[in-house]
Peer 1: 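Just dropping this structure here.
Order of listing sets the numbers, starting from 1, for every ligand and every atom in it.
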Amino acid sequence: MALAPVHADLLALARSARQHAHAPYSGFAVGAAVRTRDGRHFLGCNVENAAYGLCNCAERTALFAAIAAGCQPGDFVALAVVADTPEPVSPCGACRQVMSELCAADMPVILGSLGVASSQTSVGALLPDAFTLQAPAR
Ligand code: THU
């Protein structure tokens, strides 16, 4: 099924963010974009480091940029991610866990690639039974 135009626009933003990827070690550039309820967009790319464990994925970069700009969990309405893959790129487990903390389970996630048609899923479908932690009362 074709993407809704609003999601196609988000995917285009993710594609543009991918151009900023810092991926000298994997050579695998990823872009992401998240849309807020009030119509703002935050973009992210993967940022790698010679100490490999410090690499940050595009999806988390976008969500962290939004939080750093003052967004709250629940402010997000859709996220798109794109890479140059034979099938629409599938977010890693760490990004799924971060999405599940910051976004509603039914929030659409658009998976894209440069070549083939994109697909649509949701935060809850990507990570059923996500780990949660009750914050202690202060
Ligand atoms: N990467 C992402 O940016 N998002 C994902 O969901 C999967 C992997 C990045 C991390 C690393 O820079 C490169 O892709 C190869 O794993």
Peer 1: Are the side chains of S113 and E87 in contact, using a 4.5 Å heavy-atom criterion?
Peer 2: no
Peer 1: Does ligand 1 have any N/O pairs with the protein under 3.5 Å, and how far apart?
Peer 2:
from: ligand 1; atom 1: 3 (O); to: A58; atom 2: N; distance (Å): 2.9
from: ligand 1; atom 1: 4 (N); to: E59; atom 2: OE1; distance (Å): 2.8
from: ligand 1; atom 1: 6 (O); to: E59; atom 2: OE1; distance (Å): 3.4
from: ligand 1; atom 1: 6 (O); to: E59; atom 2: OE2; distance (Å): 2.6
from: ligand 1; atom 1: 6 (O); to: C92; atom 2: N; distance (Å): 3.0
from: ligand 1; atom 1: 12 (O); to: N46; atom 2: ND2; distance (Å): 2.9
from: ligand 1; atom 1: 12 (O); to: E48; atom 2: OE2; distance (Å): 2.5

Peer 1: Who else is in F76's hydrophobic cluster (ILVMFWY, side-chain heavy atoms under 4.5 Å, direct or via others)?
Peer 2: F28, V30, V34, F42, L63, F64, I67, L79, V81, V89, V98, M99, L102, M107, V109, L111, V123, L126
Peer 1: Go through the side-chain N and O atoms of N56 and T61 and say whether any donor and acceptor fall under 3.5 Å apart.
Peer 2: yes
Peer 1: Any side-chain heavy-atom pair from C45 and R18 closer than 4.5 angstrom?
Peer 2: no
Peer 1: Side chains of E59 and C92: closer than 4.5 Å at any heavy-atom pair?
Peer 2: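 Answer no - side chains too far apart.
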Peer 1: Flag the pair L114 / V82 as yes when at least one side-chain heavy-atom distance between them is below 4.5 Å, and no otherwise.
Peer 2: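 The answer is yes, as the side chains (C-beta and beyond) meet within the 4.5 Å cut-off.
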